Amino acid sequence: RLDMAEFDLKNIITEGRKEVPQGTLVRVGLGSRPGTVTVHVRLPGQTEWRMYSDLQIVDGTVTLPVKLAFLSHAKEDADFIKDLAHRLLQDGILAWFDEKELLPGDDWKRKIDEAIESSDFVLVFLSATSVSKTGYFQRELKYALDQHQLRPQGSRYIIPIIIDECEPPRSLRDIHWLRADASEWYECLKRTILS
């Protein structure tokens, strides 16, 4: 005979009370402890299912430990960013990448500001092009720095990533950088986001 348990699950969200992306596939089963569930998730574009065990049900809602990273970059660096966004997604990290997220007719300034505000991390990609360019990359960086000031002192929010030889802006000098040419840089990035 199969023992059945009942649980009241009305909603699944990601950390920070963000909605699960449309097109996400979810399988829910009982957790090993009362009041918990095991959730198997495949985000849109992921090739493998990820399992999250013993997630607590609180007021009918389960929160997936999925992080959102905003990818701030110069358009000339988009190929590098596109590959990284795909890699992050395969590791269970949602990446806000303008080429994927913005649709025709969107108020792109508002969408970008909202994405920066709601992201768990802002990855700022520094290249010879991005640091010397006048325009929207500089605005995104300033807005991310403003949002950083609203977060608790010492919390990680902005992660500068140097992708080619350049002089990082003075505004980022107090934040530890990551160099994309260093060995194990991606593993370090992933560990930082998921910890």
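Model, not experiment: these values are computed from the prediction.
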Next item on the list: Starting from the C-alpha separation in whole Å, work towards a yes-or-no answer on side-chain contact (heavy atoms from CB on, under 4.5 Å) for R27 and L25.
Entry: CA-CA 7 Å; R27 296 180 190 146; L25 301 176; over 6 Å; no
Next item on the list: Compare every heavy atom of D77 with every heavy atom of S127, then report the nearest pair and how far apart it is.
Entry: OG-OD2, 2.6 Å
Notebook entry, point to check: In the single-linkage hydrophobic clustering (I, L, V, M, F, W, Y; side-chain heavy atoms under 4.5 Å), do L84 and L102 co-cluster?
Noted result: no
Next item on the list: Calculate, to the nearest 0.5 Å, the distance between atoms OG1 and CG belonging to T14 and D120 respectively.
Entry: 7.0 Å
Item checked: I12 CD1 to L55 CG distance, which is reported to the nearest 0.5 Å -> 9.0 Å
Next item on the list: Apply the test side-chain contact (heavy atoms from CB on, under 4.5 Å) to residues L145 and L172: give CA-CA distance (whole Å), side-chain angles for both, the deciding distance (0.1 Å), then the verdict.
Entry: CA-CA 9 Å; L145 287 164; L172 295 175; 4.1 Å; yes
Check: Under 3.5 Å, is there a donor-acceptor pair between the side chain of D54 and the main chain of S32?
Finding: yes
Margin query: Between the side chains of R173 and E167, is the shortest nitrogen-to-carboxylate-oxygen separation below 4.0 Å, so that they form an ion pair?
Written below: yes
Next item on the list: Identify the two heavy atoms, one from A115 and one from S119, that lie closest to each other, and give their separation to 0.1 Å.
Entry: O-OG, 2.6 Å
Check: When clusters are formed by joining ILVMFWY residues with side-chain heavy atoms under 4.5 Å apart, either directly or through shared neighbours, do I93 and V66 land in the same one?
Finding: no
Notebook entry, point to check: CG of L126 to CH2 of W177: how many Å apart, nearest 0.5 Å?
Noted result: 8.5 Å
Next item on the list: Tell me, with the steps shown, if L89 and L94 meet side-chain contact (heavy atoms from CB on, under 4.5 Å).
Entry: CA-CA 5 Å; L89 178 62; L94 295 170; 4.3 Å; yes
Margin query: Which residues pass the side-chain hydrogen bond (donor to acceptor under 3.5 Å, both in side chains) test with E165, not counting sequence neighbours?
Written below: R179
Checklist line | Lys/Arg N to Asp/Glu carboxylate O, R110 vs E114, below 4.0 Å | finding: yes
Check: Can you get from W49 to L43 by hopping between Ile, Leu, Val, Met, Phe, Trp and Tyr side chains that sit under 4.5 Å apart?
Finding: no
Check: When you check the gap from the basic side-chain N to the acidic O, do R139 and D113 get nearer than 4.0 Å?
Finding: yes
Check: Honestly curious: do Y143 and F97 fall in one hydrophobic cluster under the side-chain, below-4.5 Å linking rule?
Finding: no
Next item on the list: Look at the side chain of Y186 and the backbone N and O of R87, then say whether any donor-acceptor pair between them is shorter than 3.5 Å.
Entry: yes
Next item on the list: Sort out for me which residue in I81, T192, L71, L178 forms a side chain to side chain contact (heavy atoms under 4.5 Å, CB included) with L123.
Entry: L71
Item checked: From CA spacing to verdict: side-chain contact (heavy atoms from CB on, under 4.5 Å), D164, F125 -> CA-CA 9 Å; D164 67 25; F125 295 91; over 6 Å; no
Note to self: Check for me, please, whether W96 and W108 land in the same ILVMFWY cluster - side-chain distances under 4.5 Å, paths through other members count.
What the structure shows: yes
Next item on the list: Return the minimal non-hydrogen interatomic distance between F121 and K67, and the atom names on each side.
Entry: CE1-CD, 4.4 Å
Next item on the list: Would you please name every residue forming a side-chain hydrogen bond (donor to acceptor under 3.5 Å, both in side chains) with Q46, sequence neighbours left out?
Entry: none
Item checked: Over all atoms of both residues, closest heavy-atom pair of P65 and Y52 -> CG-CD2, 3.3 Å
Check: Counting N and O atoms only, with roles assigned by atom type, does the side chain of Q90 sit under 3.5 Å from a partner on the main chain of A85, one being a donor and the other an acceptor?
Finding: no
Margin query: Looking at every heavy atom in both P44 and G23, which two are closest together, and how far apart are they?
Written below: CG-C, 3.8 Å
Got a list of side-chain donor-acceptor pairs under 3.5 Å for residues 153-163, not counting sequence neighbours?
{"residue": "S155", "atom": "OG", "partner": "P152", "partner atom": "O", "Å": "2.8"}
{"residue": "Y157", "atom": "OH", "partner": "I116", "partner atom": "O", "Å": "2.6"}

Check: Any chance the side chains of T129 and E76 put a donor and an acceptor closer than 3.5 Å?
Finding: no
